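For the numbers below, each heavy atom of this structure counts, side chains included, while hydrogens, waters and symmetry mates do not. From a predicted model like this one, the values you see are computed outputs, not experimental measurements. Residue numbers start from 1 in every chain, and the chains themselves are labelled A, B, ... in the order their sequence lines are given, proteins ahead of strands.
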Amino acid sequence: MANSTSGQEKKSYLYFPGCTMQATGIAYGESVRTLFRLLGLQVEELEDWNCCGATSYMSIDERAAFVLSARNLSLARQAGPRDLVVPCTACFLMLRKTQEYVRQYPSIRQEVEGALKQAGIPPMGPVRVRHPLDVLYSDVGVEQIRAKATRRWHGGRLACYYGCQALRPYAEADQAYNPMRMDELLQAVGVTTVDFPLKTKCCGGSLTGTIHPVGVRLNYIILKEVARRGAQAVATMCSLCQFNLDAYQSEMREEAHEVFDVPILYFTQILGWALGGDFRSLGLHRGIAGRNLIGQWFTTPKEVEAYV
Amino acid sequence: MSNGNGSVRIGFYVCHCGTNIAGVVDVKALAEWAATVPSVVVSRDYKYMCSDPGQELIQQDIRDHHLNRIVVASCSPHLHERTFQTATAKGGLSPYYFQMVNIREHDSWVHKDKKAATEKAKDLVRAALRRVVFHEPLEKKQVPVRSDVLVVGGGIAGIHAALTLANAGKHVYLVEREATIGGHMAKFDKTFPTLDCAACILTPKMTAVRSHPNITMWTLSEVAEVGGYVGNYHVKVRRKPRYVLEDACIGCLECIEACVYKQAKVSDEFNLGLGKRKPIYIPFPQAVPQVVLIDPETCIEFKSGKCKKTCVEICADRNAIDFKQQEEIKEIEVGTIIMSTGFQTVDAARIPYYGYGAYPNVYTSLEVERLINASGPTGGEVILRDGKKPKAVGIVHCVGSRDENTNRWCSRVCCMYSLKLAHLIKEHTDAEVFNFYIDIRTPGKGFEEFYCKLLSEGVHFIRGRVAEVTDWALDPSEEGKLVIRVEDTLIGRVRRIPVDMVVLSVGLEPHADADEVRRQFNITCSTEGWFLERHPKLAPVNTFTDGIFLAGCCQGPKDIPDTVAQAGAAAAEALVLIDAGHVELEPNTAYVLEDECSGCKSCLSLCPYTAIAYHEEKKKAEINEVLCKGCGVCVAACPSGSIQQHMFQDEQIFAEIEGVLAHA
Amino acid sequence: MLGIYKQEAYERHLRFQRDADPTWGRKITALPGCEGILTCMQCGTCSAACPLSVYMDYTPRRIIATVREGFREDVLRSQTIWLCASCYACRVRCPREINITDVMYALKREAIRNRMYPPHFPIPILARAFFDMVKRRGRSTEFWLVLRMALRSNPLILLGMAKTGWHLWRTGRLSLGYEKIRGVGELQKALASPREEV
Ligand SMILES: Cc1cc2nc3c(=O)[nH]c(=O)nc-3n(C[C@H](O)[C@H](O)[C@H](O)COP(=O)(O)OP(=O)(O)OC[C@H]3O[C@@H](n4cnc5c(N)ncnc54)[C@H](O)[C@@H]3O)c2cc1C
Ligand code: SF4
Ligand code: SF4
C-alpha cells in the first residue's frame with residue numbers, strides 16, 4: 001500500500017531524531033517514520049548523530065554548542081546530498097542557527113572549522129535542514145495528502161499549536177505570524193481547526209522542569225484558550241510542546257480544580273492515521289491526557305461499532 | 001610655454017580658508033613653490049579668496065600683469081567655481097581660462113600629516129597649472145525657456161503650485177491620476193493642529209483650479225512620455241476615458257439617481273471600501289471637476305451591452321454620457337515641471353501582529369478619517385462595522401514606521417494626526433482613548449500646545465510599542481474585546497488593554513510606482529524611494545535635472561503647512577527660469593570630428609540623453625549640443641577616437657595627468 | 001544598628017555612576033548577535049511580546065538598557081535571564097532587529113562563568129549536568145538529567161515529579177538508556193577547545 005507512488009521516483013531524506021525521540025517524544029519519531037513510509041518517502045537515520053546541545057550548551061559555551069551541531073552537519077554532508085529532516089524543533093533550530101552564525105561571523109566560522117579539523121572531522125557542507133512540516137507542505141503538498149487519505153476524520157475540532165523555534169527566528173517551517181500550514185494539512189484530511197491566536201506562544205520549554213510553577217502556568221493559559229476556542233484537542237509539531245501540554249494536565253486538574261483532559265497529538269499522528277497508519281505504529285497509545293477521546297477518534301467507525 | 005594662443009601668463013592663488021586649509025597645508029610654501037613654475041607670473045596666498053577683496057585681487061592682477069590664465073587652489077568647485085569664473089570674466093578674460101584645484105575636501109580635510117598634505121597640494125596644483133595652458137575660450141549656449149509649466153499630481157502640493165504659477169500669469173497643465181484633485185487632504189475632516197475644517201480650506205482652492213483661465217486640468221490622466229531638456233520639455237499625457245463628457249456634464253448627479261442599480265453595491269475607493277457606490281458615481285460631493293464617471297468594470301452596459309441605460313435617458317438634454325469614449329494622448333510643450341505626486345500609506349497588513357484584515361474592528365487611520373468626515377460613509381459618525389459606538393479605542397502610533405521590517409524612517413505626521421484623531425474620536429463618541437507611542441514628536445508651530453491640550457482632555461498616553469492585537473481573552477473582562485498587549489514603559493508594567501476599536505496610524509511611504517515615474521522624468525530617488533532634492537539644505541526643491549522641481553510628500557513625509565510652503569518655493573524656482581527667459585548651458589559638450597567619424601553608430605545607443613543622431617546623408621554621428629550633458633560616455637566609447645569634448649580635450653587631460661605624476 | 005550610613009540598605013534604587021561598568025557593557029555589545037543593543041529605542045515591543053516578561057524582575061527592554069549602561073550586577077543577578085525560554089518572540093518583532101534572545105544567552109553565559117546565581121538554582125545546574133553528559137556520551141537522557149538536577153538543587157521536587165514520571169513510564173516514554181555515540185572521541189577532541197572557559 002505504501003508503494004502506490006508508481007512511476008514517481010522515491011524521494012529520500014536523511015533523518016535526525018534527536019535525543020527526545022527515544023524518550024518523551026518517542027511517539028513523534030514513530031509517527032514521522034510511519035507517515036513518511038505511507039507517503040512512499042524514504043528516511044534514513046543519520047549515522048552516529050550527537051545531541052544538539054539544546055539551550056543548555058548555548059547557556060554555557062556558545063562555541064561548544066556550535067561545534068556539536070557542526071559535527072552533525074558534517075555527518076549529514078558525508079551521508080550524501082539529501083535534505084536533513086529534523087522533527088525536534090530544538091535540534092532544528094540549533095542546526096539552523098549554527099549554519100547562520102557560521103555564515104554571518106567569520107570569527108565563529110574559523111573557530112568551528114578549526115575545532116572540526118583538530119578532531120579530524122571532515123568539514124560541514126551546505127546541508128538543507130528542514131522541519132517535517134515544511135517537507136510535508138512543500139514537497140508532498142496538501143493535494144497529495146488529500147488524495148492519499150483513506151480515512152475520514154471523525155474526531156473533534158482541533159487547535160493547531162506551532163510553538164516557537166521552528167518558526168522563529170528563521171520563519172522556515174512556516175511564516176512567523178499566524179502560520180497556517182499545519183491547519184491546511186489537517187483540513188485536507190477532514191479536520192476542522194479553530195482560529196487560535198496562541199498558536200505561536202511559547203510553552204515554556206524546560207521551565208516546567210526548572211521554574212516549575214511558571215512553566216506550568218504558561219501551559220495552563222494555552223489550554224484555557226484552547227477550550228475557549230471550542231477545540232477538543234491540540235495538534236503539535238514539537239516534542240517539548242507536546243510533553244509540556246500533555247504531562248501536566250493532571251497537576252492542573254488538582255490545583256485549578258478545572259477539568260483538563262485534552263488530547264495533545266502530533267500532527268503527524270493525525271495525518272498518519274488518515275493515510276491508513278495503525279494506532280500503535282503512530283504512537284497513539286503513548287498519550288497521557290485525553291486517552292478516552294484518543295481511543296474514540298483513532299478507531300475506524302467499524303471498529304467503534306464492533307466495540308459497542 | 002605656448003600653445004599657439006600667444007605666451008601664457010598664469011596667475012596662481014591659494015586660499016587659507018581660515019584654518020580649514022592653512023591649518024594643514026603650508027600655503028606660504030605652496031605659493032612660493034608655484035612662483036617658480038614656468039609661466040606663473042603671479043603667485044599669492046590669501047585668507048579668503050571667495051571674499052570680495054579676494055576676487056578683486058584676481059581682477060586687479062589680470063589688469064596689472066596681463067594675466068591670461070587663472071588657477072585657484074581652494075575648496076570644492078561645487079561651492080566656488082562659479083565665483084571665480086565670474087571674477088575672471090570681470091577681469092576681462094574668458095571664464096574658461098580659469099581652473100580650480102580642490103585642496104580642502106581632497107586634501108586638508110582628509111589628511112593630518114602637514115608635510116605630505118603640502119606635497120599633495122603641489123601635485124594637484126601642478127596638474128592644474130599644466131592643464132590650464134591648453135584651455136580655450138568657450139561660449140555658453142543660451143536656450144529659451146517656455147513659460148508653460150507641467151504640474152504632476154493634484155494634491156494640495158500640486159494645487160498650490162499650480163495656482164501660484166497661474167496667478168503669476170503662466171499657463172499650467174495640472175495632471176492628476178485620480179478622477180478628482182485634492183489628494184489625501186480631501187479625505188480629512190479636520191486638520192491639525194488648528195482643527196480647521198479641511199474641506200473649508202481646500203475646496204475653494206480646488207474650484208479655483210477648475211475655473212482658472214491659466215490652468216488646464218486633466219484628471220484620470222498620467223504622463224506617458226517625457227522628452228527634451230530644461231526650457232523645452234515635450235510631454236505626452238495619457239487621458240483615460242471617463243465615459244462622460246467633461247464639458248457637457250454639469251454635475252447635477254441625476255444620472256446616479258437614475259442608474260439601474262437601485263442600491264449602491266460597489267466598494268467605494270474614495271472611502272477605502274467603507275462605503276458603497278454605483279457604477280456611475282462621483283468620488284465625493286465636493287469633487288473637482290464636478291463631473292461623474294463610469295467604472296467600466298461594474299457598469300452593465302460595458303459588461304453585457306444590454307443595459308436599459310437609464311442614465312443616458314435622464315441626461316438626454318445634455319447628452320453627456322459617452323460609452324464610446326477612448327483613451328486620448330495629449331502632447332504638450334513646457335519649459336519646467338513640478339513633481340507633486342505625494343505618498344501612499346503603508347499597507348497595515350504588512351505588520352501581521354496588529355490584526356488588520358483579520359479583525360474587522362482594526363482600522364487604519366485613513367479609514368477613520370473617512371468615518372469622522374461628515375461627507376464620509378457614516379455621515380461623520382464614528383461607529384464600528386456592526387453599527388455600535390466604541391467605548392474604548394486604542395490608537396497605535398508608528399505602524400510601518402521606525403521599523404527595520406517595514407520602513408526605517410519616521411513618517412513625521414503620524415504623531416500629530418493620531419492626536420487629532422484621538423481628540424475627534426473622543427468628541428464624537430466620548431470613548432476612552434488610548435494612544436500608544438514610542439516617542440511623541442510635536443516639533444511644529446502650535447504642535448506641543450496641541451499635545452498638552454490632549455493630555456488635559458484625559459486622553460491616555462502610554463509609552464510603548466504595541467506587541468500584538470488579539471481577541472484572546474486571558475481574563476473574563478476581556479471577553480468580546482480586542483486586546484492590546486503593550487509594555488507601559490513609564491509605569492514599568494506589561495499591560496493588556498481591552499478595546500472595541502483599534503486605529504493603526506500607518507506611516508507614509510513612496511508610491512509603489514515612484515521608481516518608474518522617476519525614470520520617466522530622469523530624476524533621482526533616495527534609497528527609500530523618495531524623490532531626491534539637489535541639496536538637503538540649500539536646494540530643497542530642485543532636482544538634479546534642471547527645470548524639474550519637487551513639492552510636497554513625493555520628496556519625503558511632511559504635513560500640509562510644509563507641503564504648501566514647499567509648493568510655493570517650487571513655483572518660485574520655476575518662475576525664476578521662466579522670467580529669465582532663457583537658460584545658459586555649460587559648454588562642456590561633446591562634438592564629432594566629422595572627418596574621422598566612420599559612422600559605426602556605436603555611440604548612438606550609449607548616450608543616456610539621446611543627444612546623438614545619425615546623419616543619413618553624411619553617414620556620420622551628430623551631437624545635439626543642447627541635449628548633451630557632457631557625461632563623456634560617447635567620448636570614451638568611440639572606437640576611432642573621433643568624439644572630443646570641450647573642457648576635456650585629450651591634450652588637457654594628458655597635461656593634467658602628467659602634472660600629477662611629475663613629483664619633484 | 002540602624003545602618004543609616006549604608007547607602008545600599010536605604011537608597012536601593014539609587015545608582016552611582018561608579019556602580020556602572022561601561023567596559024563590560026561595551027564587551028557585551030561587541031559579542032556576535034549582541035551588536036544591535038546600541039540601537040535599541042526602548043519601545044518595549046520585546047517585553048510585551050515576551051510570554052515570560054510578566055514573571056520577570058526586569059523586562060527584556062530594561063535588560064537591554066541596563067546592559068547598555070553597564071550595570072553588570074543588576075543584570076547578572078536578575079531573574080530575567082533565567083526565565084527567558086528562548087522562544088524568539090521578542091526577536092522577530094523588534095523594530096530594530098535586535099537579537100534579544102541571543103543577548104539573553106550571552107548574559108546566561110556571563111552569569112554562569114562568574115557564578116552569579118543563587119545557590120541550588122536549578123537552571124545552571126541542569127545546564128551543567130546536560131553539558132557534562134553530552135560531553136561524555138554525545139547524547140542526553142532526560143531521566144538522568146532531571147534526576148541529577150533535582151539531587152543537586154532540591155531533592156524534594158522529585159516528589160512532585162514522581163507522578164509525571166509514572167505517566168511517562170506507563171506510556172513507554174521514560175527512557176533509562178544511557179547511550180554513547182561511537183564518535184565520542186572525536187567529539188571530545190573537537191569540544192576540547194583552547195578557549196573553553198568553563
Ligand atoms: C491619516 C492622515 C492624516 C493626516 N492629517 C493631517 C492633518 O491633519 N494636518 C496636516 O497638516 N497634514 C496631515 N496629513 C499629512 C497630509 O496628508 C500631507 O501633508 C499632504 O496630503 C501632502 O500633500 P501632497 O500633495 O504632497 O500629496 P497627496 O495628498 O498624496 O497628493 C498627491 C496627488 O498626486 C496624485 N498622483 C500620484 N501619483 C501620480 C502620477 N504618477 N501622476 C499623476 N498624479 C499622481 C495622487 O492621486 C494625489 O492626488 C495627514 C496624513 C495622513 C495619512
Ligand atoms: S523591541 Fe527592540 S528596540 Fe524595542 S525595546 Fe526591545 S530591544 Fe529595544
Ligand atoms: S526569547 Fe526570551 S526574552 Fe525573548 S520573548 Fe522569548 S522568553 Fe522573552
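Looking at Val92(C), both its backbone and its side chain come within 4.5 Å of chain A, counting heavy atoms on both sides. Interface remark: Ile288(A) contributes backbone and side-chain atoms alike to the contact with chain C (heavy atom separation under 4.5 Å). Residue Glu35(C) touches chain A through its side chain alone, counting heavy-atom pairs closer than 4.5 Å. Using a 4.5 Å cut-off between heavy atoms, Phe143(C) makes no contact with chain A at all. Looking at Arg71(A), only its side chain comes within 4.5 Å of chain C, counting heavy atoms on both sides. When heavy atoms are compared at a cutoff of 4.5 Å, Met133(C) does not approach chain A at all. Of the two parts of Gln22(A), the backbone and the side chain both hold a non-hydrogen atom closer than 4.5 Å to a non-hydrogen atom of chain C. For chain C, the nearby part of Lys97(A) is the side chain; its heavy atoms alone come within less than 4.5 Å. For a residue to count as touching a neighbouring chain, one of its non-hydrogen atoms must lie under 4.5 Å from one of that chain's; by this rule Glu179(C) touches chain A with the side chain only. With a 4.5 angstrom heavy-atom cutoff, Leu75(A) does not touch chain C via any of its atoms. Residue Thr20(A) touches chain C through both its backbone and its side chain, counting heavy-atom pairs closer than 4.5 Å. With a threshold of 4.5 angstrom between heavy atoms, Tyr105(C) approaches chain A through its backbone and through its side chain. Proximity to chain A is limited to the side chain of Arg170(C), based on heavy atoms less than 4.5 angstrom apart. Both the backbone and the side chain of Phe243(A) have a heavy atom closer than 4.5 Å to some heavy atom of chain C. With a 4.5 angstrom heavy-atom cutoff, Leu167(A) does not touch chain C via any of its atoms. The part of Glu254(A) that comes within reach of chain C is its side chain, from C-beta onward, which places non-hydrogen atoms under 4.5 angstrom from that chain.
Side-chain polar atoms of Thr24(A) and Glu142(C) form a donor-acceptor pair below 3.5 angstrom.
Looking only at heavy-atom pairs under 4.5 Å with chain C, the residue among Ile221(A), Leu68(A), Ile108(A) that has the most is Leu68(A). Most heavy-atom pairs under 4.5 Å with chain C: of the set Gly283(A), Ser56(A), Ala65(A), Ala171(A), this distinction falls to Ser56(A). Between chain A and the options Asn99(C), Leu168(C), Ile125(C), heavy-atom pairs under 4.5 Å are most frequent for Leu168(C). The candidate from Ile81(C), Thr141(C), Asp102(C) with the greatest count of non-hydrogen atom pairs under 4.5 Å with chain A is Asp102(C). Of the residues considered (Gln104(A), Lys201(A), Arg291(A), Arg217(A)), Arg217(A) shows the highest number of contacts with chain C, using heavy-atom pairs under 4.5 Å. Contacts with chain C were tallied for Arg168(A), Glu47(A), Glu251(A); Arg168(A) has the most, counting heavy-atom pairs under 4.5 Å. The most heavy-atom pairs under 4.5 Å with chain A, out of Ile123(C), Leu174(C), Val184(C), Leu107(C), come from Ile123(C). For the set Gly205(A), Cys51(A), Ser59(A), the entry with the most heavy-atom pairs within less than 4.5 Å of chain C is Ser59(A). Ranked by heavy-atom pairs under 4.5 Å with chain C, the first of Ala247(A), Pro169(A), Cys164(A), Ala70(A) is Pro169(A). Comparing Gly138(C), Ala111(C), Ala129(C), Pro124(C) by how many heavy-atom pairs each has under 4.5 Å with chain A, the most go to Gly138(C). With chain A as the partner, the residue from Ala106(C), Ser153(C), Gly185(C), Ser140(C) showing the most heavy-atom pairs under 4.5 Å is Ser140(C).
Residues Gln165(A) and Cys87(C) are not in side-chain contact: their nearest non-hydrogen atoms beyond the backbone lie 4.5 Å or more apart.
A donor-acceptor pair is defined here as one N or O able to donate and one able to accept, closer than 3.5 Å; no such pair exists between the side chain of Gln188(C) and the backbone of Ala119(A). Checking side-chain atoms of Asp48(A) against main-chain N and O of Gly183(C) turns up a donor-acceptor pair under 3.5 Å. Judged by distance alone, with hydrogens and angles left aside, the side-chain atoms of Tyr57(A) form a donor-acceptor pair with the main-chain N or O of Phe131(C) at under 3.5 Å. The backbone N or O of Cys19(A) sits nowhere less than 3.5 Å from a side-chain atom of Arg139(C) that would complete a donor-acceptor pair.
A salt bridge between Glu62(A) and Arg109(C) is present, with a side-chain N of the basic residue lying under 4.0 Å from a carboxylate O of the acidic one. Classification of Asp246(A) and Arg173(C) as a salt-bridged pair holds, one side-chain N sitting under 4.0 Å from a carboxylate O.
Taken to the nearest 0.5 Å, the CD1 atom of Ile181(C) stands 9.0 Å off from the CH2 atom of Trp49(A). Between the CG atom of Leu191(C) and the CG atom of Asp61(A) there is a distance of 8.0 Å, given to the nearest 0.5 Å. Distance check: His167(C) NE2 to Gln249(A) CD gives 10.0 Å after rounding to the nearest 0.5 Å.
Across all non-hydrogen atoms, the minimal contact from Ala54(A) to Phe130(C) is CB-CZ, 4.2 Å. Here the shortest heavy-atom pairing between Tyr105(A) and Gly33(C) reads OH-N, 2.9 Å. Residues Ala190(C) and Ala115(A) share a closest heavy-atom pair of O-CB, 3.4 Å. Taking all atoms of both residues into account, the shortest heavy-atom contact from Pro51(C) to Leu218(A) is O-CD2, 3.7 Å. Taking all atoms of both residues into account, the shortest heavy-atom contact from Thr171(C) to Arg286(A) is O-NH1, 3.1 Å. The nearest pair of heavy atoms linking Leu207(A) to Trp82(C) is CD2-O, 4.0 Å.
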